[in-house]
Amino acid sequence: MRRFVAKGLSASTCRAAQSAPGRVSLAPARWSRMADSKAPSLAARRIHGLASTATSFPTTHEKIQKVEDTPFFVDNQFVKSNTTEFIDLHDPATNNLVTRVPQNTDAELKAAVESAEKAFPAWRATSVMHRQQIMFKFVALIRENWDRLAASITLEQGKTFEDAKGDVLRGLQVAEAACSAPEMLKGEVLEVAKDMETRSYKEPLGVVAAICPFNFPAMIPLWSIPIATVTGNCLILKPSERDPGAAMILAELCQKAGFPDGVVNMVHGAHRTVNFILDEPAIKAISFVGGNKAGEYIFSRGSANGKRVQANLGAKNHAAVLPDCNKNHFINSIVGAAFGAAGQRCMALSTLVMVGETKDWLPEVAERAKSLKVDGGFEKGADLGPVISAHSKERIESIIASAEQEGATILLDGRGYKPANYPNGNWIGPTIITNVTPDMRCYREEIFGPVLVCLNVDSLEESIDLINKNEYGNGVAIFTRSGPTAETFRRNIEAGQVGINVPIPVPLPMFSFTGNKKSIAGGGASTFYGRPGVSFYTQQKTVTAMWSSGDAISKKADVAMPTHS
Ligand code: NAD
């Protein structure tokens with residue numbers, strides 16, 4: 001029997017499928033076109049909501065008996081896709097099938113665009129105060145559905161339930177900050193000449209799109225949904241095809257919060273859906289978060305098509321540890337930030353730069369890492385769960401093997417680990433690789449798993465030099481008790497988000513997510529959330545108007561340029 005928080009649910013939103021684990025069943029594209037032409041209308045394929053509710057949702061990794069397909073979301077309705085192409089989604093802790101995610105057909109993708117286009121004129125005409133009221137409701141609903149969202153993340157993505165709650169929280173905070181839209185959308189006004197004023201306005205762009213990664217299934221959709229909509233745009237969001245469940249719950253909450261039909265739509269799929277978004281003329285802007293391969297492609301093709309694109313990419317985050325730091329705080333911080341979420345955070349602290357004698361602390365770091373409990377995310381006391389897929393596990397293990405071959409030392413080896421109750425999951429225990437040099441594959445590539453690579457240097461200056469030579473620049477941390485040392489590091493380091501005795505310095509939404517270098521496309525000109533997020537989703541308009549005080553009686557035309565007197 002499958003356990004639920006409340007009674008009587010038939011599992012997630014899914015139907016049985018025959019394909020092998022992790023495989024995409026790709027029928028020829030013409031099949032879906034044929035299917036489109038004969039398809040029942042969207043209205044006929046509407047389904048009445050999701051299987052889970054705020055008080056009733058999966059709380060274990062038990063096999064789902066009646067697997068259902070994930071619907072897409074258009075016109076404020078959940079719709080069953082008419083596609084013949086599905087992507088199987090497996091619980092990373094068991095590799096049991098959870099749902100099938102459709103590769104939406106071209107007609108379905110087009111329907112989402114048409115829905116958003118239709119909604120835009122009325123939505124942009126609503127007052128910001130009206131949109132703020134909807135955002136207040138959306139925030140309250142996310143709070144009400146917090147555990148349900150987290151449970152969906154644990155089931156589909158694998159992270160522990162507690163950590164999944166944090167995933168939701170960081171997105172919720174963006175929605176809360178978006179409630180300050182009346183303040184953030186205020187323009188400026190200045191009298192620039194006698195009787196002449198210039199005013200600036202921030203106007204919505206129209207239909208915009210977001211393409212999301214697998215590792216934060218709630219937070220990253222929530223980097224876009226609140227800000228895109230509160231600024232007056234209509235959004236088409238593509239969650240990761242590997243874990244769209246949390247985004248689908250957010251779609252339901254958007255509907256309940258009172259967003260009009262078409263303001264928020266959600267579509268599914270892999271590359272084909274991305275290419276559709278990139279080439280669809282009605283879409284004016286794209287927010288992307290994910291790896292460099294996809295992100296660089298999306299940034300260049302989207303930009304070449306005349307769209308605004310913001311793209312947060314991969315990372316290799318370093319921690320410099322100085323001998324004068326609080327050793328216990330450092331060890332707890334590095335162990336939490338390297339191995340938490342199985343290292344699948346873009347701000348995971350995956351690279352340790354040990355200055356001087358701090359390299360002697362490594363055995364203690366390894367001891368504490370060893371004590372972490374690797375288990376199913378719903379299990380009490382689990383510190384980290386599995387990695388997302390069998391393919392990802394294989395890739396991570398091959399990087400660990402390459403380090404061995406290149407002469408590094410595997411101080412702690414998590415390969416081969418399996419929790420007793422979950423023999424079929426994608427498990428890797430905490431792994432520590434020491435004596436690493438910058439030329440090794442394990443240093444050059446983003447690993448995105450529970451693996452900490454350690455390098456040794458002799459001084460603060462050397463640590464700064466080494467870190468700055470790395471092509472990524474998302475986050476960095478320094479551990480020291482010295483203000484001047486921290487200040488020198490802060491001033492000279494090139495990473496975009498710096499933690500001083502803080503392992504994962506992700507800024508809250510009153511600031512912005514400020515990666516640097518190869519970790520953000522376009523030189524970091526456009527960052528997510530905060531005031532820059534509002535700028536991304538709005539077009540500036542300046543209006544200069546003259547209302548001559550003497551106009552009513554003036555008979556004389558002004559022929560000279562204004563003199564500002
Ligand atoms: P990914 O790049 O594989 O996928 C992200 C999205 O792009 C998905 O929706 C996917 O469908 C699509 N996609 C993937 N490959 C594509 C291709 N070749 N063409 C078109 N579309 C494609 O990323 P992921 O594995 O889901 O997420 C992990 C990556 O995301 C890591 O590199 C991590 O550092 C990065 N990330 C960065 C940040 C940040 O803010 N910098 C935040 C979270 C994750």
Side-chain angles (χ1 to χ4, degrees), residues 24 87 89 92 101-104 109 156-159 167 170-171 174 209-224 236-244 247 266-279 286-302 309-317 341-351 387-389 391-393 395-396 445-449 471-476 495-497 504-507 509 512-522 524 526-530 532-533:
V24 177
I87 299 152
L89 190 161
V101 181
Q103 168 57 62
N104 277 125
L109 296 172
E156 295 189 355
Q157 198 270 359
K159 65 177 76 172
D167 185 330
R170 297 312 289 264
V174 177
I211 300 167
C212 305
F214 82 84
N215 66 327
F216 281 98
M219 178 185 85
I220 289 175
L222 285 168
W223 281 4
S224 288
I236 295 168
L237 185 135
K238 187 196 95 62
S240 170
E241 66 277 21
R242 300 198 258 179
D243 49 19
M266 292 199 194
V267 296
H268 299 294
H271 303 186
R272 231 181 61 208
T273 304
V274 171
N275 285 336
F276 173 89
I277 289 170
L278 290 172
D279 294 339
I286 299 172
S287 299
F288 170 84
V289 181
N292 281 69
K293 186 168 170 228
E296 285 163 19
Y297 162 71
I298 287 167
F299 185 81
S300 47
R301 184 155 159 185
V309 187
Q310 57 177 181
N312 272 8
L313 312 176
K316 197 82 185 167
N317 307 305
Q344 298 174 118
R345 293 181 180 136
C346 62
M347 288 289 279
L349 214 41
S350 59
T351 311
V387 296
I388 186 73
S389 65
H391 176 259
S392 175
K393 173 180 147 92
R395 195 187 57 81
I396 295 164
E445 285 183 25
E446 181 181 34
I447 303 176
F448 226 55
E471 47 188 2
Y472 292 103
N474 219 29
V476 72
Q497 301 172 106
I504 303 190
V506 175
S512 199
F513 192 101
T514 53
N516 193 9
K517 295 161 73 178
K518 207 176 148 181
S519 296
I520 187 164
S526 183
T527 57
F528 280 78
Y529 63 78

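As the structure lists them, so they are numbered: ligands from 1, and atoms in each ligand from 1.
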For this session: Please round to the nearest 0.5 Å and tell me the distance separating atom OG of S240 and atom CD of Q157.
Result: 9.0 Å
For this session: Determine, considering heavy atoms only, which of S240, G515, A348, P213 sits nearest to atom 27 (O) of ligand 1.
Result: P213
Problem set entry | Atoms in ligand 1 with a heavy atom of I211 nearer than 4.0 Å | 6 (C), 7 (O), 9 (O)
For this session: Give yes or no for whether the N/O distance cutoff of 3.5 Å, strictly under, is met between Y297 and ligand 1.
Result: no
Exercise. Numbering the atoms of ligand 1 from 1, which are under 4.0 Å from a heavy atom of N312?
Worked result: 39 (C), 40 (O), 41 (N)
Exercise. Which of these passes side chain to side chain contact (heavy atoms under 4.5 Å, CB included) with K238: N104, I211, L109, I286?
Worked result: I211
For this session: Please indicate whether any nitrogen or oxygen in G291 is less than 3.5 Å from any nitrogen or oxygen in ligand 1.
Result: yes
Exercise. With no hydrogens and no angle check, is any side-chain donor or acceptor of Q497 less than 3.5 Å from a backbone partner on T514?
Worked result: yes
Problem set entry | Flag for Q103-T273: side-chain donor and acceptor within less than 3.5 Å | yes
Problem set entry | Options F528, Y472, F214, F288, ranked by nearest heavy atom to atom 5 (C) of ligand 1, top entry | F288
For this session: Considering only non-hydrogen protein atoms, determine which one is nearest to atom 35 (C) of ligand 1 and report residue, atom name and distance to 0.1 Å.
Result: G290 O, 3.2 Å
Exercise. Looking at atom 36 (N) of ligand 1, what's its closest protein heavy atom, distance included?
Worked result: C346 CB, 3.5 Å
For this session: To the nearest 0.5 Å, tell me how far L89 CG sits from E241 CD.
Result: 9.5 Å
Exercise. Quick one: nearest non-hydrogen protein atom to atom 12 (C) of ligand 1, plus distance?
Worked result: V274 CG2, 4.1 Å
For this session: Using distance alone, determine whether K293 and ligand 1 share an N or O pair under 3.5 Å.
Result: no
Problem set entry | Short side-chain to backbone donor-acceptor contact, E446 and K316, under 3.5 Å | no
For this session: Taking the side chain as every heavy atom from C-beta outward, state whether Q344 and V387 have any pair of such atoms under 4.5 Å apart.
Result: yes
Exercise. Could you state the interatomic distance from CD1 (I396) to CD1 (I447), rounded to the nearest 0.5 Å?
Worked result: 8.0 Å
Exercise. Hey, is ligand 1 close enough to C212 that some N/O pair sits below 3.5 Å?
Worked result: yes
Problem set entry | Protein heavy atom at shortest distance from atom 18 (N) of ligand 1 | H271 CE1, 3.4 Å
For this session: Please tell me if the side chains of R301 and D279 come closer than 4.5 Å, counting only heavy atoms from C-beta onward.
Result: yes
For this session: Mark up the atoms of ligand 1 that fall under 4.0 Å of a heavy atom belonging to K238, in ascending order.
Result: 8 (C), 9 (O), 10 (C), 11 (O)
Problem set entry | Atoms in ligand 1 flagged as close to E446, the criterion being non-hydrogen separation under 4.0 Å | 31 (C), 32 (O), 33 (C), 34 (O)
Exercise. Atoms of ligand 1 less than 4.0 Å from N215 heavy atoms?
Worked result: 43 (C), 44 (C)
Exercise. Parallel, tilted or perpendicular: which describes the rings of F513 and W223, with under 30° parallel and over 60° perpendicular?
Worked result: tilted
For this session: Examine the proximity of ligand 1 to N474 and report which part, side chain or backbone, both or neither, has a heavy atom under 4.0 Å away.
Result: side chain
For this session: Would you mind listing which atoms of ligand 1 come within a distance below 4.0 Å of any non-hydrogen atom of I220?
Result: 42 (C), 43 (C)
Exercise. Where does Q344 meet ligand 1, judged by heavy-atom distances below 4.0 Å: at the side chain, the backbone, both, or neither?
Worked result: neither
Exercise. Is the closest side-chain heavy-atom distance between H268 and P244 below 4.5 Å?
Worked result: yes
Exercise. So, does S519 use its side chain to make a donor-acceptor pair with the main chain of G473 at under 3.5 Å?
Worked result: yes
Seminar exercise, completed: Quick look: F216 vs ligand 1, heavy-atom contacts under 4.0 Å, and the answer is neither
For this session: Side-chain contact test, heavy atoms from C-beta onward, threshold under 4.5 Å: evaluate it for Y297 versus N275 and give yes or no.
Result: yes
For this session: Examine the proximity of ligand 1 to N292 and report which part, side chain or backbone, both or neither, has a heavy atom under 4.0 Å away.
Result: neither
Exercise. Is there a donor-acceptor contact under 3.5 Å from the side chain of N317 to the main chain of C346?
Worked result: yes
Seminar exercise, completed: Note: ligand 1 atoms sitting under 4.0 Å from heavy atoms of F448 are 28 (C), 31 (C), 33 (C), 34 (O)
Problem set entry | Taking atom 14 (C) of ligand 1 as the reference point, the nearest protein heavy atom with its distance | A294 CB, 3.7 Å
For this session: Answer side chain, backbone, both or neither: which part of I520 comes under 4.0 Å from ligand 1, heavy atoms only.
Result: neither
For this session: May I ask you to check whether L313 has an N/O atom sitting below 3.5 Å from an N/O atom of ligand 1?
Result: yes
Exercise. Numbering the atoms of ligand 1 from 1, which are under 4.0 Å from a heavy atom of W223?
Worked result: 40 (O)
For this session: Decide yes or no for I388 and N215: does some side-chain heavy atom of the first lie under 4.5 Å from some side-chain heavy atom of the second?
Result: no
For this session: Please confirm whether R242 comes under 4.0 Å of ligand 1, counting heavy atoms of the residue only.
Result: yes
Problem set entry | Is_contact(atom 21 (N) of ligand 1), protein non-hydrogen, under 4.0 Å | yes
Exercise. For E241 and ligand 1, does the shortest N/O to N/O distance drop below 3.5 Å?
Worked result: yes
Exercise. Is the charged tip of K159 near the ring of F216: under 6.0 Å from the six-membered ring centre and within 45° of its axis?
Worked result: yes
